[in-house]
Each structure stands twice: as C-alpha cells, then as structure tokens.
Amino acid sequence: MRKIASVAAVFAIVLLVGCGNSTNNNANVTPTATTTPGNTNNAGNTNNTTDAVTSASVVDNEEAFKKAISADGTWIAATLKDLSFTEDLVLDGQFTNKDKPARKIALYTQDAEHNITNSFKLTAPKLTIKSKNARIQGGTFIGDVYVEADGFSLVNATVEGNVYFADAKYQSTFDTSDQGKVTGVTEVKK
C-alpha cells in the first residue's frame, strides 16, 4: 500500500507541474494522479476553468470504482489495477469537461508524456452507459455494454463482448475510430 501511495504522490506532482501552464485546457487529465473523489458536475460552477485535482477519481478497489462511476462520482474513473465484479455496473450522471458533457473510464496509467505505461481489465457481466459522451479508454472491458446515451466511444480500448444500444440514435453516435474494438456484435437491442 505504501508503494502505491508513493507512486501516486509522484504522479500528483507531475500532474501539478504539467497543469501549471496557464494555457493548459485540461484536455488530457492524467488518470494516474492522486485526486479527491467527489461530484465535479460543473452545472453550478461559474468559474470556467476545470479543476484537475478534483476532476478524476483514481481507484484501486471495487467499492471505490463503483462510487466513482455513480451519479455522485467523478467525470473520470481511473483504475490502478484489474478490477472484477460479479454484479452489473452502471456509469451514470451528467458531468462536463471543457464545458461539454463528458465521462471517461480510464483503464490505464500513463507517464508525464501521456504514454500508456499499463493497461488494465475491467470485468463485469454488464456495464450500462447512461452518461452522455462517455468513453472507455486504454484497456479492456470484459462483458456486455448496454448504451442508453449519445456519444459513447472506445478510445484505444477493447470490449470483449457485445455492445447493445437502447435506440438506433445511440448507435449512430458510437465511435471506435481511435483504436476501439468490439469482439462481439454491435446492434440495437430493446
């Protein structure tokens, strides 16, 4: 545990140094930074800057991950290891990044130059996507994904299973163009 805390502290310093540039628009929040979980839904925020320290939840256990992907979670839920669930998961809640709806499950760690250093697996029977513009990035989800929102994407990530859409309009906004892969079917299933 002490080793994880030390590594997380180093990455937090790297993140803070990298975010010190006033032109940084926080487009690539590093999921390896030590952060404070909490709702970062900026609906009531009158400040137009994104707080990099509180915008992600970096977790290393199942309970913390479930909280991070809940409606009371954070816009980024990043894991530091493989996670496995026997129950279904739901990515819920509306969050923003750069004043646009966004949600990310980050299944990787990265270095200061944003190179992926480790990729992880997330396993669950079912993952339901209810957040607009959600993405799974940098690892593998093992199970079926059910999409109930616009703009779902896979970025350098694989779904080992099927991706089902509650409506054709959700399927029409699905994006795998940035190294995304689905091993099963992608279809509308009501």
Just by distance, do the side chain of [X] and the backbone of [Y] share a donor-acceptor pair under 3.5 Å?
X	Y	value
N133	P101	yes
Q94	K130	yes
T79	L107	no
S153	V155	no
E160	T183	no
K81	D60	yes
R103	T96	no
N61	A64	yes
S131	G93	yes

If you look at every heavy atom in [X] and [Y], which pair is closest and at what distance?
X	Y	answer
G184	N162	CA-OD1, 3.3 Å
Q171	T186	NE2-O, 3.2 Å
T173	G151	OG1-N, 2.8 Å
A68	A77	CB-CB, 3.7 Å
I76	A106	CG2-CB, 4.3 Å

Kindly work out whether a path of hydrophobic side-chain contacts (I/L/V/M/F/W/Y, heavy atoms less than 4.5 Å apart) joins [X] to [Y].
X	Y	answer
F152	L127	yes
V147	I69	yes
V182	I136	yes
F65	V145	yes
F85	V163	yes

Item to check | Pairing residues for E87 by the side-chain hydrogen bond (donor to acceptor under 3.5 Å, both in side chains) criterion, not counting sequence neighbours | outcome: K66
Item to check | For S172, all residues meeting side-chain hydrogen bond (donor to acceptor under 3.5 Å, both in side chains), sequence neighbours excluded | outcome: none
My understanding is that only residues two or more places apart in sequence, or in another chain, count here; which of them pass side-chain contact (heavy atoms from CB on, under 4.5 Å) with [X]?
X	value
T176	L154, F174
A102	W75, N97
D88	P125, K126

Roughly how far, to the nearest 0.5 Å, is [atom2] of [Y] from [atom1] of [X]?
X	Y	atom1	atom2	answer
L83	E62	CG	CD	5.0 Å
T123	D82	OG1	CG	7.0 Å
I105	L89	CD1	CG	7.5 Å

Next on the checklist: What I want to check is whether the side chains of T117 and T109 have a donor and an acceptor closer together than 3.5 Å.
Outcome noted: yes
Checklist entry - Do S177 and D175 meet the criterion of a side-chain donor-acceptor pair at a distance under 3.5 Å? => result yes
Checklist entry - Can you find a heavy atom in the side chain of Y170 that is under 4.5 Å from one in the side chain of D150? => result yes
Checklist entry - Taking C-beta and beyond as the side chain, do Y108 and N156 meet within less than 4.5 Å on heavy atoms? => result no
Checklist outcome for this item: Besides V185, the hydrophobic cluster formed by Ile, Leu, Val, Met, Phe, Trp and Tyr side chains linked at under 4.5 Å, directly or via other members, contains Y146, Y164
